[in-house]
Amino acid sequence: MVTLTITLDPAVFAFYQRVAELTELPVETVLADALFKLAGELSLEAMRKK
């Protein structure tokens, strides 16, 4: 695993923190999952453009 440090707007962090609470997951996991899903969607979009 690679560890990263990111800066988030407090409102963005509050949103992901609430999702983490509702799913009973660590906020880091929720953020990692959200970024992974976005990467997949962007990859599919890029492949469609080719």
Side-chain angles (χ1 to χ4, degrees):
M1 290 281 173
V2 175
T3 301
L4 299 174
T5 301
I6 61 171
T7 303
L8 297 174
D9 182 276
V12 172
F13 178 76
F15 170 78
Y16 284 107
Q17 187 174 37
R18 182 65 178 136
V19 172
E21 290 170 1
L22 293 171
T23 58
E24 298 181 352
L25 294 169
V27 70
E28 295 87 353
T29 300
V30 173
L31 283 166
D33 289 350
L35 288 171
F36 185 77
K37 182 178 179 186
L38 176 59
E41 291 170 357
L42 292 173
S43 295
L44 286 173
E45 184 178 323
M47 288 175 19
R48 275 189 235 129
K49 288 183 178 181
K50 284 191 170 189

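The first residue in the sequence is number 1, and the count goes up from there.
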With a 4.5 Å cut-off on side-chain heavy-atom distances among I, L, V, M, F, W and Y, is there a chain of contacts connecting F15 to L35?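 No; tracing contacts between hydrophobic side chains, which count when under 4.5 Å, never links both residues.
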Single-linkage hydrophobic cluster, 4.5 Å side-chain cutoff, F13 and V30 together: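 Cluster IDs for F13 and V30 match.
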Mind listing the closest non-hydrogen atom pair of P26 and A20 along with its distance?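 It is C-CB, 4.0 Å.
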Sole residue of M47, E41, K49 in side chain to side chain contact (heavy atoms under 4.5 Å, CB included) with E45: K49
Let's go through L8 and L31 carefully: what are the C-alpha distance in whole Å and the side-chain angles of both, what is the deciding distance for side-chain contact (heavy atoms from CB on, under 4.5 Å) to 0.1 Å, and is it a yes or a no? CA-CA 11 Å; L8 297 174; L31 283 166; 4.0 Å; yes
At what distance, to the nearest 0.5 angstrom, does CD1 of I6 lie from CD of E28?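 Answer rounded to 0.5 Å: 9.5 Å.
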Step by step, work out the salt bridge (charged side-chain N to carboxylate O under 4.0 Å, His left out) result for E21 and R18. CA-CA 5 Å; E21 290 170 1; R18 182 65 178 136; 3.4 Å; yes
